[in-house]
Structure formats: C-alpha cells, structure tokens
Amino acid sequence: MARKILCVAEKPAIARAVATHLSGGSFQTHAIRGNPYVKNYEFNFNFGGSWGDCTVTMTSVIGHLTGLDFERQYKGWMSCPPSALFEAPVHEDVDKDKLPIAENIRTQAQYSKALFIWTDCDREGEHIGAEVRNQAKNGNARIEVKRAKFSNTERAHVLQAARQPVELDEYQANAVAARIELDLRIGAAFTRLQTLQLQAVVSVLKDKIISYGSCQFPTLGFVVDRYLRVQNFKPETFWAIKVTLKREGKTVNFLWRRVHLFDRAAVTMMLERCLIAKEARVTKVNKKPKSKWRPLPLTTVDLQMMGSRFLRMDSQTIMKIAEGLYTKGYISYPRTETDQFDKAIDLKKLVEKQFPDSAWGQYARDLIDGKFRTPRSGRNNDQAHPPIHPVAWVSPNQLNANEKKVYEFVARRFLACCSEDAKGQGTEIEIKYGDEFFHANGLIVLERNYLDVYVYDKWESSQQLPNFEKDETFQPTEANISEGKTTAPNYLTEPELIGLMDANGIGTDATMAEHIAKVKDREYVVPNKRGTGRNAVEELIPTRLGIALVEGYDNVVAGLPNSISLSKPFLRKEMELRMLEICAGTKSRQDVVQQSLDMYREVFIHTQRRIEMLKVACRKYLVEEAA
DNA sequence: GCAAGGTC
C-alpha cells in the first residue's frame with residue numbers, strides 16, 4: 001500500500017486548486033465534522049524523490065489556528081495594574097471556532113508519513129505553517145515535515161512545487177510570534193490605562209473604549225496631522241506675469257519660469273522690463289515623442305486607492321466585493337503586494353477569456369491579433385500571490401452594481417497592462433521676454449493604445465500650438481500681472497491615507513482598510529463628504545476625542561529625549577525592522593520581544609507619570625461639548 | 001471590554 005502524505009493549505013480555495021492540479025481533476029471530496037468550509041480532498045500523486053507514489057489528503061486551515069491571550073487571572077480589567085500586562089503570563093490556544101479544524105489535522109496526521117505544508121509563502125503563512133505543524137505533531141510525533149514553495153496556483157508551478165519540498169522557515173514564524181506577543185501586550189496595556197483613566201474625566205467618555213493599537217494610533221495620527229495643517233494654514237498672496245499671444249487663430253498662454261513670487265513690487269519691475277523690451281524671442285522649440293505608460297499590474301493597495309478615486313467606494317467595501325468576486329471564481333486572490341506577473345502565467349489565455357464582453361471584448365481580440373505586450377514589471381513581489389487579474393469572464397447581468405464596477409475595473413486594468421503605452425508628440429516652446437523666460441507646452445496624442453480600454457486614465461491633446469521658429473521674435477498680444485492666493489491643503493482622503501499607511505509600513509494590504517474602519521468605529525475619526533455629485537470625495541476629519549488623544553500624547557513626550565509620540569509611525573516602523581532581523585537570523589525572538597517591550601514600557605511609564613497631559617487635553621476638547 | 005494578523 002502506498003504511503004500517505006497530508007497536505008495543508010492556508011485556506012480552502014488553495015486546497016481545492018492544488019488538489020485539482022495534483023490529481024489531474026479526479027479526487028474525492030470529504031466534508032469534515034464541525035466546519036462547513038474545510039474539506040479533505042483525497043487522491044494519488046507521485047511526488048518523485050524519497051516519497052514517490054503516495055495517497056494524498058489535501059486539506060486546509062482558515063488562516064491562523066491559534067490566538068494568544070493572558071492567563072485567566074489577568075483578564076479582568078481591574079485584576080492587575082495595566083503595567084503588569086508587559087510581563088503577565090500568556091498562553092497560546094487554538095481558537096474555539098478552529099477546534100474542529102485542528103482536530104482534523106491531528107487525526108489525518110496519525111495515518112500520514114509526512115506533513116506537506118501549503119500555506120502562503122509570506123511571513124504570516126510561515127507562522128500558520130508552524131501552527132499546523134504543532135497540531136500534526138500532536139497527532140503523530142514522528143511525522144516528517146516539509147513545505148511547498150509556490151507563489152500562485154498555476155498548474156505547472158504547483159506541480160513543480162509539489163516535487164521540490166523545502167523546509168519551514170522557523171525565523172519567519174518566530175518574527176510573527178514576536179509581533180503577536182508585542183501587539184497583545186502593548187495594545188492591552190495602553191488600552192486599559194487610557195480607557196480607565198480617561199473614562200472618569202469627562203462624562204461623554206464614560207462608556208467608551210478608548211483603544212490603543214500600534215496601527216490604529218498612527219492611522220489616527222495621519223488624519224490629525226493633516227487636519228492641523230488645514231486649520232493652521234494662513235493664505236499668502238502671490239503675483240505672476242502672464243504672457244499671451246494670438247496667432248493663426250489660436251491663443252497661446254505662456255507660463256512664467258519663476259511660476260510666482262510673493263513680492264508685488266519685484267514682479268511689477270520685471271514686467272516693466274518685459275514691456276520695455278517689446279519683442280520676445282523664441283529660445284527653444286522642442287518637439288519630442290512622449291508616451292504615457294500603461295499601468296503596473298494591480299496590487300491590493302492600488303485597487304483600494306484607485307477604487308476609492310474612480311469607483312466611489314470606500315476601501316472596505318471594495319475589498320469585500322473583491323473577495324466575493326474571488327470566491328465566485330471571477331478574479332484572482334485580491335490580497336497581494338505583487339506588481340509583476342510570473343512568467344509561468346499564460347496571460348494571453350486570460351485575455352482570450354474576455355472575448356465575450358460587449359464593452360471590452362473587441363479590445364481583447366485586438367490584443368490577441370497582434371497588439372499584445374508583456375506587462376511592465378513593478379518592484380514588489382510578495383512571493384505568495386500574483387497581481388489581481390480576472391480569471392474568468394462573467395456576464396454583467398450576473399453581478400450587482402458594485403460588483404460590476406469592481407470586476408470591470410480589474411478586467412480593464414488587466415487588459416491595459418497587456419497593452420502598448422499611449423504615444424504622442426509633445427512640443428515645448430520657450431521664449432525670452434525682457435530678462436524673463438516663459439514657456440508653453442503642447443501635446444498631440446497620436447496613438448491612444450491602452451487608454452482605449454483603461455478609461456480611468458486621461459491624457460488629452462492640449463491645444464495644438466501654432467508654429468514657432470527658433471530665434472524668431474514677436475510682440476506678445478498681452479502681458480500683465482495676475483494675482484493669486486496660496487490655498488490650504490484639503491483634509492485627508494481615504495486613498496491618500498492608504499498611501500501614507502503603505503509608505504510607513506502601517507498594517508498590511510489585508511488590514512489597512514480595517515484600521516481605517518477601526519478609528520471610525522472608535523469615534524476618533526469621522527468621514528465627511530466634500531463637494532457634490534460626481535466630484536464628491538470622502539475626506540476624513542478627526543473628532544474632538546481624536547485630536548485630544550494625539551495632542552495629549554504629543555504633550556506627554558514633549559521635551560523628553562528619545563521618546564517618540566505614539567501618534568507617529570516610528571515605533572511601529574522600528575518593530576518592523578526588528579522583525580526583519582529575526583527573519584535574517586541576526587536576532588532571536590526573545591531578544592526582540594524584550595527590546596521592544598522595554599521601548600514601549602518607557603513610553604508607558606512617561607504616560608502614567610504625565611497622565612494629566614492626556615486628561616487636560618480631553619477636558620479642553622470634550623468638556624464644552626458635554627455641557 | 002483591550003491588538004493585529006490570517007480568512008469565511
């Protein structure tokens with residue numbers, strides 16, 4: 001009888017896809033007791049190497065199996081001073097709703113020679129793999145443990161991964177374990193401290209949970225930071241010289257090289273010199289081909305940012321819809337940082353699937369008839385998932401309005417990636433008038449290419465410029481001074497916030513939208529609609545509580561050396577760097593946990609000592625509101 | 001009653 005190999009993926013969809021490829025489509029499906037989503041797939045497969053011909057059970061978990069929590073005597077909020085949570089004993093347990101899944105793995109492990117882990121090849125996946133390993137070892141202490149290295153579920157790629165098992169990366173699993181412990185201890189300690197202290201200060205806070213998290217606070221910080229810049233903005237008047245010329249029935253506006261100055265007298269003098277000179281001379285006539293690049297393959301962050309901008313949905317809604325489309329098999333996995341397509345993916349086949357569409361099917365056909373181009377490659381690869389792309393065509397009348405919008409965006413973006421850049425001709429005219437230089441730019445779009453399918457990008461032919469010869473002189477039709485005022489920045493929008501979070505390493509592609517929802521839910525931030533109709537944008541404004549917390553914490557650390565406010569992203573960034581050190585093997589999990597706890601403990605002690613700063617800020621912003 | 005990270 002052949003030996004048995006137990007394969008475990010991170011989610012049911014991957015288990016099914018891998019089972020389909022390894023079995024060539026013929027496998028038996030068994031439900032498991034206690035969970036409707038997880039299935040066991042059974043089939044035969046020849047792994048080659050030392051395993052050879054085997055029977056296989058392919059199953060999955062559903063994300064992490066376990067959670068970390070404090071021992072029972074520390075769970076009550078009054079059971080200990082919040083500072084004790086930095087050292088309180090913690091234990092890791094299988095989540096209650098995951099018990100049947102863990103049981104399934106233990107049972108299956110008993111009959112298996114080896115455990116073959118198929119979790120995503122990212123840091124969290126490595127930790128989930130370790131959780132799976134622990135369960136399997138509970139069922140069968142002598143089980144051999146391997147993991148598959150794969151980054152998508154394309155058939156050839158999966159088959160190759162199956163025949164080249166590697167080892168689980170203990171370092172990465174440890175880095176995640178450190179992150180989990182730090183988030184729990186720091187989050188719980190600060191949340192209890194500030195909730196218990198501030199609830200008593202103002203009546204409006206009496207029943208509120210005032211949570212702290214290493215991601216939610218920097219998220220709040222970005223919103224408050226922009227809000228304060230808007231509030232503190234003082235407009236300044238500036239002046240500029242504007243030169244126009246009417247020729248061949250066209251009006252050319254020349255822009256000043258200095259753009260504008262804040263000194264009216266100086267600008268007046270400069271204009272006078274222009275007028276005295278009378279004639280302007282053409283110093284440059286540049287004609288050069290210009291192109292507008294097609295977009296990069298689609299990542300989660302980009303989907304959320306572009307989605308908020310063009311589809312008018314908030315990032316959480318977009319993700320929910322994208323997940324639905326994924327589960328139904330219309331698009332690929334929507335949580336990815338990868339903006340480069342693997343060579344193994346047959347992109348043309350995916351393009352062909354879009355032929356039936358009445359809106360962009362013809363465009364897809366044109367691609368296959370010769371216009372297809374290999375997509376650009378971005379710099380990011382999470383080694384776990386391909387960029388987001390359509391995997392099957394779906395008739396629009398099978399989708400609701402929002403689903404239609406998101407699917408259409410994913411499809412058009414994918415086709416745009418496989419297209420040629422847009423081509424045009426740019427003209428730049430520079431003139432010298434008096435002592436000043438001015439320029440005018442023109443653009444003619446020659447080939448729209450990807451713009452025809454990617455309706456979200458605009459690249460218009462600006463007015464065609466009349467002809468100019470280098471060194472010719474002319475008398476401008478008009479030259480005068482224009483006045484303007486600097487304008488305040490706008491409040492932060494959700495796509496901007498996601499961009500800031502991404503750049504500062506706050507949250508992951510899968511969680512950024514959740515953190516934004518969390519700060520809204522905690523009433524630190526409220527959304528507000530700016531503008532009307534098609535131009536409406538949702539902007540984020542901090543509440544009085546949100547402002548009070550940031551101001552309070554900034555005051556707590558003000559004047560202290562090396563203490564960085566909790567409202568800033570730096571502490572979280574430092575934690576991230578230490579996790580990378582664990583991954584590189586240069587630091588141990590214990591060292592990082594201790595070092596990071598020391599860092600946060602210092603801020604915690606300052607906060608306790610100067611808690612009055614937080615209370616003062618809450619009274620300042622919240623008392624009159626309560627009255 | 002606290003976090004952030006997986007995923008349904």
Side-chain angles (χ1 to χ4, degrees), chain A residues 9-16 35-39 60-70 74-80 82 84-86 88 90 92 94-95 97-98 101 119-132 172-173 175-199 205-219 300 319-320 322-324 326-328 333-335 382 384-385 501 505-519 521-522 566 571-572 575-576 579 596 600:
Chain A
E10 186 165 319
K11 42 192 164 275
I14 297 280
R16 193 186 170 84
N35 187 293
Y37 305 108
V38 171
K39 302 274 186 278
S60 75
V61 288
I62 300 180
H64 287 283
L65 270 178
T66 65
L68 195 69
D69 210 347
F70 297 106
Y74 294 90
K75 283 204 183 172
W77 282 39
M78 299 303 187
S79 66
C80 64
L85 299 176
F86 281 95
V90 289
E92 188 186 76
V94 175
D95 295 337
D97 57 332
K98 306 287 175 63
I101 303 173
T119 51
D120 295 354
C121 292
D122 52 26
R123 228 157 48 186
E124 297 292 332
E126 228 58 36
H127 187 268
I128 294 168
E131 295 174 79
V132 169
Q172 291 195 51
V176 171
R179 198 254 322 139
I180 290 171
E181 183 175 346
L182 289 168
D183 282 335
L184 172 69
R185 291 188 184 283
I186 296 161
F190 276 97
T191 299
R192 287 190 197 176
L193 173 73
Q194 65 190 26
T195 301
L196 294 173
Q197 291 286 334
L198 299 179
Q199 273 184 345
L205 298 179
K206 207 174 70 190
D207 299 314
K208 280 216 169 78
I209 296 167
I210 307 164
S211 63
Y212 166 80
S214 58
C215 289
Q216 44 179 284
F217 251 53
T219 303
T300 306
M319 287 314 290
K320 223 170 157 183
E323 269 153 31
Y326 161 69
T327 321
K328 290 180 201 155
Y333 191 59
R335 291 181 197 151
D382 61 20
H385 306 287
M501 294 171 74
I506 301 302
T508 68
D509 49 10
T511 61
M512 282 188 278
E514 287 173 35
H515 296 310
I516 297 173
K518 177 73 89 182
V519 294
D521 190 50
R522 293 286 186 227
L566 292 181
L571 285 171
R572 174 78 209 189
M575 198 158 117
E576 180 65 29
M579 281 168 69
S596 297
Y600 275 94

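Since the structure is predicted, the reported quantities are computational estimates derived from the model, not experimental observations. In what follows, chains are A, B, ... by sequence order, proteins preceding strands, each numbered from 1. Reckoned from all heavy atoms, side chains included, excluding hydrogens, waters and symmetry mates.
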Asker: Rounded to the nearest Å, what distance is computed from the CG atom of residue Leu184(A) to the C1' atom of nucleotide dC2(B)?
Answerer: 8 Å

Asker: Determine, for Tyr333(A) and Lys11(A), whether the Lys NZ or Arg CZ falls below 6.0 Å from the six-membered ring centre while staying within 45 degrees of the axis.
Answerer: yes

Asker: Using OP1 and OP2 only, check whether a side-chain N or O of Ser211(A) sits under 4.0 Å from dA3(B).
Answerer: yes

Asker: If I take atom CG in residue Leu196(A) and atom C1' in nucleotide dG1(B), what distance separates them, rounded to the nearest angstrom?
Answerer: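 Taking atom C1' of dG1(B) as the reference, CG of Leu196(A) is at 10 Å.
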
Asker: Can you tell me how far P of dT7(B) sits from CG of Asp122(A), to the nearest Å?
Answerer: 8 Å

Asker: Among His127(A), Glu576(A), Glu124(A), exactly one meets side-chain hydrogen bond (donor to acceptor under 3.5 Å, both in side chains) together with Arg179(A). Which residue is that?
Answerer: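 Passing option: Glu124(A).
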
Asker: Would you please confirm or rule out a distance under 4.0 Å between OP1 or OP2 of dT7(B) and any side-chain N or O of Tyr333(A)?
Answerer: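 Yes, such a contact exists.
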
Asker: Rounded to the nearest angstrom, tell me the gap between atom CD1 in Ile210(A) and atom C1' in dC2(B).
Answerer: 12 Å

Asker: Which one, dC2(B), dA3(B), dG5(B), comes nearest to the side chain of Arg572(A)?
Answerer: dG5(B)

Asker: Among the candidates dG6(B), dC2(B), dA3(B), find the nucleotide nearest to the side-chain atoms of Lys518(A).
Answerer: dA3(B)

Asker: Do Ser214(A) and Asp183(A) have a side chain donor and acceptor closer than 3.5 Å?
Answerer: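 The criterion, which ignores hydrogens and geometry beyond distance, is satisfied for Asp183(A) and Ser214(A).
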
Asker: For dG6(B) and Thr508(A) - does any side-chain N or O of the residue sit under 4.0 Å from the phosphate oxygens OP1/OP2?
Answerer: yes

Asker: What's the CE-P distance between Met575(A) and dA4(B), to the nearest Å?
Answerer: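 Interatomic distance, CE of Met575(A) to P of dA4(B): 9 Å.
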
Asker: Among the nucleotides dA4(B), dT7(B), dG1(B), which one has an atom lying closest to any side-chain atom of Glu514(A)?
Answerer: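 Within the option list, the nearest is dT7(B).
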
Asker: Does the aromatic ring of Tyr212(A) sit over the six-membered base ring of dA3(B), closer than 5.5 Å centre to centre and tilted less than 30°?
Answerer: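 Check failed, Tyr212(A) does not stack on base of dA3(B).
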
Asker: Need one value for Gly507(A): base, sugar-phosphate or nothing, where a base atom within 4.0 Å counts as base even if backbone is also close, heavy atoms only.
Answerer: sugar-phosphate

Asker: Find the distance Tyr37(A):OH to dT7(B):P and express it as a whole number of Å.
Answerer: 15 Å

Asker: Given atom OH of Tyr600(A) and atom C1' of dC2(B), what is their separation to the nearest angstrom?
Answerer: 15 Å

Asker: For Glu124(A) and dG6(B), what is the distance between atoms CD and P respectively, to the nearest whole Å?
Answerer: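 From Glu124(A) CD to dG6(B) P: 5 Å.
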
Asker: Given dA3(B), dG5(B), dT7(B), which nucleotide is nearest the side-chain atoms of Arg522(A)?
Answerer: dA3(B)

Asker: Under a 3.5 Å cutoff, is there a donor and acceptor pairing between the side chains of Gln216(A) and Ser211(A)?
Answerer: yes

Asker: Which nucleotide in the set dG6(B), dC2(B), dA3(B) lies at the smallest distance from any side-chain heavy atom of Ala188(A)?
Answerer: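 Among the listed nucleotides, the one closest to the side chain of Ala188(A) is dC2(B).
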
Asker: Just to confirm, is there a sub-4.0 Å distance from OP1 or OP2 of dA3(B) to any side-chain nitrogen or oxygen of His515(A)?
Answerer: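 Negative; the distance criterion is not met.
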
Asker: Just N and O in the side chain of Arg179(A): are any of them under 4.0 Å from OP1 or OP2 of dG6(B)?
Answerer: no

Asker: Once you apply a heavy-atom cut-off of 4.0 Å, does Gln199(A) come out as touching a base, just sugar-phosphate, or nothing?
Answerer: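 Base contact.
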
Asker: Please round to the nearest 0.5 Å and tell me the distance separating atom CZ of Phe217(A) and atom NE2 of His515(A).
Answerer: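 NE2 of His515(A) is found 14.0 Å from CZ of Phe217(A).
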
Asker: Tell me, do Phe70(A) and Leu184(A) make a side-chain contact under 4.5 Å, heavy atoms counted?
Answerer: yes

